[in-house]
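Counting convention: from 1, in listed order, for ligands and their atoms alike.
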Amino acid sequence: MRFGLILGDQLSHQLATLKHLDRSQDVILMAEVLEEASYVPHHPQKIALIFSVMRHFAKELRAQGWKIRYQVFNRQSPIQSLLDFVQHQQQRYAADALLITHSGEYRLQQQIEQHWSKTLGIPVHCLEDDRFFCSLQQFQTWASKYKSLRMEYFYREMRKQSGYLMQNGQPIGEKWNYDSENRKRWSGQPALPPSLTFIQDQIDRDVMQLVKTEFSHHPGQIETFRWATTREQALQALAHFIQHALPSFGDHQDAMVYGEDDLFHSRLSPYLNCGLLTPREVCDAAETAYLQGHAPLNAVEGFIRQILGWREYVRGIYWLKMPEYAQLNALQSSRSLPGYYWTGKTKMACMAEAVRNTLQHAYAHHIQRLMVTGNFALLSGLDPEEVCQWYLSVYADAYEWVELPNTLGMVLYADAGVMASKPYAASGNYIHKMSDYCRHCHYNVKTKTAQDSCPFNSLYWHFLNTHAAQLNSNPRMRMIYQGFERMPPEEKQAILQHAEQLLANLEDL
Ligand code: FAD
Ligand code: DLZ
Ligand code: SF4
């Protein structure tokens, strides 16, 4: 008899572990444990989502005839880690071997590879996680061919391999990428998709109660939980997105609107990442919508690129570059994260909105993460470790394999350009262009040095000035630096001084 341990982000019926085991003899192990629930202060909704999906998944497996040993969360239990749990079960059942699908995080994978077999006294077989389009081996081979690992080239290879939106070996529409058409603001039209709600069952209610009792000290609200917790519900969420939001996903992909949290985004990432949905079925559904004339090419290509391109690419980068990657800090940023990242209490309307949404829903869409909270962290020189911890804690979709490259690489440029060809630094003007936040703000987006000037404006130039030696030779930054050179010295001086004053009082913005 063998054990198969299934982790909280492996809740797929197609999981390699299940394919390799025999339900007539082998035993599936699953456990809610303190170590996984508290290695960062996960948002209560993230914990509730994972526990509820785990419990529903275990119930489904049981109904299919699998033998399951499942531990519900218990802070008083001596079993506080996944290894404790397997050890405990091994004392009872004396399995011949343990099977586990490759973990999504380096931290846990290292523990498994280095210690588990010795501690348990049985072989531990680690299976490849085949829920992705690109294996880690294939990514390594791709990466070995290029000096700079740009997502766009990887994406084209994945398009050819998968055949999505391809005709006779060429991209449909003759262009690989329709990003330039995907930058419209949203001013009320077309109407936003209706919201989708799910009826909670007894499992959901038990988990909500548990999380309220045990994790109320973690940042974020639980009362506003509205995630799907079963595969059936996740499929409804996918169908809802394809029907109501996908047609406008492209046009308004980068837009931000005061009080509107989802716009035309899918909110599917937590389901993709915990295993409820496969990336293939999501891309298939989007492609079908295009082929049936339900959604335009710019929307469908943009959406498929996020999953087939970005999602696979960041995973490849993570496993290629870890563990050194997590320590990188190319811009030597070291300021502490201001308290408003955890509370949303700031006079900056864009930051307050992005954090409010985050705390309320364990969600923020990509542009809020990249160009608001991320951009502010970059411009203010916040410590990458603290920033990464924050992003890993507060989102329902956050696992290190996807969070770290996005935060450390794409947002903070701490990898000196492995992910991004230039830092995504922007002044308040970008936020003003893509949103209506500035209308609701205490600060004035049009000025740089007055007491009420938008902090992003002076911080932007201060950032460029501070890192000029590293960045001004970058061809993609040349025009910006030329603009900076042309600025009258007194103006430059005033901007830099104003920024210094803001940085000295970062908590008060
Ligand atoms: P949509 O806009 O509807 O996009 C569709 C899907 O594409 C997403 O569900 C997601 O699976 C995928 N996707 C889109 N962009 C990316 C990307 N850059 N990297 C990987 N996948 C992508 N995504 C996570 O899944 N987990 C994270 O922990 C995470 N941390 C991030 C941290 C920062 C600083 C930034 C800038 C981005 C991060 N992202 C992360 C990527 C992206 O912001 C989220 O995937 C997206 O906002 C999820 O919302 P959605 O499902 O509505 O996405
Ligand atoms: C994120 C998470 C949480 C909060 N709790 C558990 C848990 O109790 N049991 C479990 O098996 N997995 C949990 N997870 C997900 C794991 O942290 C995740 O599987 C690893 O970090 C690998 O990606
Ligand atoms: Fe954000 Fe500046 Fe606009 Fe205020 S004025 S919302 S701080 S960009």
Taking N or O atoms only and a 3.5 Å limit, does S269 qualify as a polar contact for ligand 1? yes
Does F249 reach ligand 1, in the sense of a heavy atom lying below 4.0 Å from it? yes
F225 ring center near H361 ring center (under 6.0 Å): no
Side chain, backbone, both or neither: which part of H365 has a heavy atom under 4.0 Å from ligand 1? backbone
Applying a 4.0 Å heavy-atom criterion (strictly less than), which segment of Y363 is in contact with ligand 1: side chain, backbone, both, or neither? side chain
Check ring pair (Phe, Tyr, Trp, His ring centres under 6.0 Å) between Y391 and all other residues, then give those that pass, not counting sequence neighbours. none
Looking only at distances, can you tell me whether any N or O atom of E105, backbone or side chain, sits closer than 3.5 Å to an N or O atom of ligand 2? yes
Give me the ring orientation class for H102 and W319: parallel if the planes are under 30° apart, tilted from 30 to 60°, perpendicular past 60°. perpendicular
Apply side chain to side chain contact (heavy atoms under 4.5 Å, CB included) to L83 and Q111, showing your working. CA-CA 9 Å; L83 179 57; Q111 288 178 22; 5.8 Å; no
Do any heavy atoms of P279 fall under 4.0 Å from ligand 1? no
Assert yes or no for the condition that the ring centre distance of Y318 to W401 is strictly below 6.0 Å. no
Give a yes or no on whether a salt bridge exists between E214 and R75, defined as a side-chain N under 4.0 angstrom from a carboxylate O. yes
Would you say ligand 2 has an N or O under 3.5 Å from any N or O of L7? no
Per-atom contacts of ligand 2 with G104, taking only distances under 4.0 Å to non-hydrogen atoms: 22 (C), 23 (O)
Using the benzene-type ring in the case of Trp, are the ring centres of F376 and F456 under 6.0 Å apart? yes
Between F85 and H88 (judged by ring centroids, cut-off 6.0 Å), do the two rings come close enough to count as a pair? no
Between Q253 and ligand 1, which residue portion shows a heavy-atom distance shorter than 4.0 Å: side chain, backbone, both, or neither? neither
Could you identify the single nearest non-hydrogen protein atom to atom 2 (C) of ligand 2 and state the distance to 0.1 Å? I50 CD1, 3.6 Å
Compute the minimum heavy-atom distance from F51 to ligand 2 and say whether it is under 4.0 Å. yes
At less than 2.8 Å, how many protein N/O/S atoms surround atom 3 (Fe) of ligand 3? Leave waters out. 1
Is Y391 in polar range of ligand 1, meaning some N or O pair under 3.5 Å apart? no
Please confirm whether A31 comes within less than 3.5 Å of ligand 2 when only nitrogen or oxygen atoms on both sides are compared. yes
Please list the nearest protein heavy atom to atom 23 (O) of ligand 2 with its residue and the distance rounded to 0.1 Å. D9 OD2, 2.6 Å
Determine, using heavy atoms of R107 and all atoms of ligand 2, whether some pair is separated by less than 4.0 Å. yes
Show which atoms of ligand 2 fall inside a sub-4.0 Å distance from at least one heavy-atom site of S103. 22 (C)
I'd like the name of whichever of Q306, R315, R305 reaches closest to atom 4 (O) of ligand 1 through any heavy atom. Q306
Aromatic plane relationship, W142 with F154 - under 30° parallel, 30 to 60° tilted, over 60° perpendicular: perpendicular
Honestly, for D397 the part within reach of ligand 1 (heavy atoms, under 4.0 Å) is both
Which one of E36, Q10, E32 has a non-hydrogen atom at the shortest distance from atom 16 (C) of ligand 2? E36
Over 60° means perpendicular and under 30° means parallel, so classify the ring planes of Y313 and W310, tilted if in between. perpendicular
Heavy atom under 4.0 Å from ligand 1: found in F241's side chain, backbone, both, or neither? neither
Nearest non-hydrogen protein atom to atom 11 (O) of ligand 2, with distance, is G8 N, 3.1 Å
Any heavy atom of Y39 sitting closer than 4.0 Å to ligand 2? yes
Would you call R226-D262 a salt bridge at under 4.0 Å N-O? yes
Strictly under 6.0 Å, is that where the ring centroids of F249 and F303 end up? yes
Counting only heavy atoms, which portion of D262 has something under 4.0 Å from ligand 1: side chain, backbone, both, or neither? neither
Taking the basic N atoms (NZ, or NE/NH1/NH2) and the acidic carboxylate oxygens, is any pair closer than 4.0 Å for K184 and D254? no
Please list the nearest protein heavy atom to atom 8 (O) of ligand 2 with its residue and the distance rounded to 0.1 Å. V33 N, 2.9 Å
Would you check whether H42 has a nitrogen or oxygen atom less than 3.5 angstrom from a nitrogen or oxygen atom of ligand 2? no
Ligand-residue contact atoms, ligand 2 with L82, heavy atoms, under 4.0 Å: 11 (O)
